[in-house]
Amino acid sequence: MDERETIEIELLLEGVHRMYGYDFRNYAIPSLKRRIWHSVHSENLKTVSGLQEKVLHNRDTFDRLVHNLSIPVTEMFRDPSLFKTFREKVVPILRTYPYIRIWHAGCSTGEEVYSMAILLQEEGLYDKARIYATDMNARSLEQAKEGIYGLQKMKLYTKNYIEAGGTRSFSEYYTAQYNSVIFHPYLRKNMIFAEHNLATDRSFNEFNVIFCRNVMIYFNETLRNRVHELFYESLSNFGVLVLGSKESIHFTDYSHCFEPLDRVEKIYRKIK
């Protein structure tokens, strides 16, 4: 980036933080820059400074910017081998608990949350579980609460479900309506949806499992360490942390506090 572009982006992020309380200042610059320019062009503007002016004076523009920066990309049973490993190595641990609290941090539009509910239902654990699904993107959270997704995605989702060790017919869990499907309400009965910003908000409960996959790859080292501190504080003793395939707990300030349950799938257990 040239000096002018650097200054413009820094001023935009500072303005967003001071005006709305959303902190993107420690996001990794390459992906952040691409998404900011996507917002500039989609708003029919020419400069980042023009975007800043519009964002500070128009809440709708700000909401669209947050949607662009929060990267809502997910799918049901994404990376099926991870869910299969979770069934094999984490579910036996969860069976020993009288009550299970799971946090999906950065849940996007909720596909991963419904995947977890289905898995727990099949393992006979859902009735004693609570799934907390959080994201900073209000628009994504609304879709997650509704549990409505495109019918065209079901072929891939069914394939993922089978590869993840699903024990029923995937179509049992939803009803098709025109070009959409809606997942059955009983899957939502133990879900709690809430806005939460990993960059600024603190711990709000103690959890047995935390899922945070393919979120921290967009953070710089400072923010990654802050989030790992948050997760450490939020996990119970011997709680399980599930990260994305491109992420690791190594080289963080809390790596010595965890042991791997599965190195390939990046599943760790808190030991101190």
Side-chain angles (χ1 to χ4, degrees), residues 21-23 26 66 70 72 74 82-83 86 89-121 123-138 140-147 185-216 219 223-244 247 249 252-255 257-259 261 266-272:
Y22 283 67
D23 194 353
N26 286 310
V66 169
S70 60
T74 185
L82 180 139
F83 283 91
F86 188 91
K89 296 189 175 181
V90 180
V91 164
I93 298 172
L94 300 183
R95 289 193 192 285
T96 67
Y97 297 156
Y99 191 80
I100 304 164
R101 284 188 293 268
I102 299 176
W103 178 17
H104 286 265
C107 71
S108 187
T109 47
E111 285 90 333
E112 185 177 80
V113 182
Y114 287 92
S115 302
M116 178 57 63
I118 289 169
L119 186 155
L120 294 175
Q121 177 76 17
E123 296 295 334
L125 296 176
Y126 193 41
D127 284 343
K128 67 173 183 177
R130 288 292 180 276
I131 301 177
Y132 296 77
T134 67
D135 202 276
M136 68 175 182
N137 188 328
S140 294
L141 275 176
E142 282 306 310
Q143 183 176 348
K145 290 176 187 177
E146 292 172 352
Y186 72 82
L187 292 174
R188 288 193 295 278
K189 69 176 182 177
N190 292 340
M191 294 178 183
I192 298 168
F193 294 93
E195 286 191 49
H196 184 277
N197 191 327
L198 291 172
T200 55
D201 295 336
R202 301 304 306 175
S203 177
F204 60 94
N205 210 327
E206 184 178 81
F207 300 96
N208 306 112
V209 178
I210 296 177
F211 263 68
C212 187
R213 302 175 59 220
N214 303 312
V215 174
M216 286 187 281
F219 297 168
L223 185 50
R224 278 197 301 272
N225 270 315
R226 186 219 186 263
V227 174
H228 275 291
E229 178 183 9
L230 170 64
F231 290 162
Y232 176 79
E233 292 173 351
S234 301
L235 274 173
S236 60
N237 290 332
F238 304 109
V240 174
L241 176 64
V242 183
L243 299 177
E247 296 158 321
I249 202 164
T252 72
D253 294 343
Y254 291 86
S255 59
C257 300
F258 291 82
E259 66 177 8
L261 281 180
K266 309 295 179 62
I267 302 175
Y268 304 94
R269 179 162 57 180
K270 179 178 173 181
I271 55 173
K272 63 172 70 171

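This chain uses plain numbering: 1 for the first residue, then up along the sequence. Keep in mind that the numbers below use all heavy atoms, side chains included, and drop hydrogens, waters and symmetry copies.
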Intermediate values then yes/no, side-chain contact (heavy atoms from CB on, under 4.5 Å), Leu125 and Arg95: CA-CA 7 Å; Leu125 296 176; Arg95 289 193 192 285; 4.1 Å; yes
Atom pair CG/CZ of Asn26 and Arg226 - distance to nearest 0.5 Å: 10.0 Å
Exam field: side chain Ser108 to backbone Gly110, donor-acceptor pair closer than 3.5 Å: no
Smallest separation among heavy atoms of Asp135 and Cys107, with atom names: OD2-N, 3.3 Å
By side-chain hydrogen bond (donor to acceptor under 3.5 Å, both in side chains) - contacts of Glu111 (at least two apart): Thr109
Spacing of OH belonging to Tyr126 relative to CG belonging to Leu119, to within rounding of 0.5 Å: 12.0 Å
Set of residues satisfying ring-ring contact (aromatic ring centres under 6.0 Å, His included) with respect to His228, sequence neighbours excluded: none
Side chain to side chain, Leu261 and Ile93, heavy atoms closer than 4.5 Å: yes
Spatial distance of atom CG (Leu235) from atom SG (Cys257) [nearest 0.5 Å]: 11.0 Å
Where Tyr114 and Leu187 come nearest, the two heavy atoms and their spacing: CD2-CB, 4.3 Å
Distance in Å, Thr252 OG1 paired with Phe231 CZ, rounded so as to fall on 0.5 Å steps: 11.5 Å
Non-hydrogen side-chain atoms of His196 and Leu230 separated by less than 4.5 Å: yes
Min side-chain heavy-atom separation Arg213-Lys266 under 4.5 Å: no
Reported OG1-to-CG distance for the pair Thr134 and Asn205, which is rounded to 0.5 angstrom: 11.5 Å
Salt bridge flag under 4.0 Å for residues Lys145 and Glu142: yes
Set of residues satisfying salt bridge (Lys or Arg N to Asp or Glu O under 4.0 Å) with respect to Arg269, sequence neighbours excluded: Glu259
The single option from Phe207, Phe193, Tyr132 passing ring-ring contact (aromatic ring centres under 6.0 Å, His included) against Trp103: Phe207
SB check Glu247 Arg224 (cutoff 4.0 Å): no
Step-by-step side-chain contact (heavy atoms from CB on, under 4.5 Å) determination, Val90 to Val242: CA-CA 10 Å; Val90 180; Val242 183; 5.7 Å; no
side-chain contact (heavy atoms from CB on, under 4.5 Å) assessment of Asn208 paired with Arg130: CA-CA 10 Å; Asn208 306 112; Arg130 288 292 180 276; over 6 Å; no
Any side-chain heavy-atom pair of Asn237 and Glu206 under 4.5 Å: no
CA sep, side-chain torsions, deciding dist, call: Tyr254, Lys270, side-chain contact (heavy atoms from CB on, under 4.5 Å): CA-CA 10 Å; Tyr254 291 86; Lys270 179 178 173 181; over 6 Å; no
Side-chain heavy-atom pair Leu243, Met216 within 4.5 angstrom cut-off: yes
Validation row, ring centre Phe86 to ring centre Phe211 under 6.0 Å: yes
Least distance between heavy atoms, Leu94 atom then Val209 atom: CD2-CG2, 3.9 Å
Under 3.5 Å donor-acceptor, Lys128 side chain and Tyr97 backbone: yes
Closest contact, heavy atoms only, Glu195 versus Met136: OE1-O, 3.9 Å
Side chain Asp23, main chain Ala199, donor-acceptor under 3.5 Å: no
Met191 to Ala117 - nearest heavy-atom pair and separation: CE-CB, 3.7 Å
Shortest non-hydrogen separation from Ser255 to Ile249 and the atoms involved: CB-O, 3.3 Å
Interatomic spacing from OH in Tyr22 to CG in Asn197 - rounded to 0.5 Å: 7.0 Å
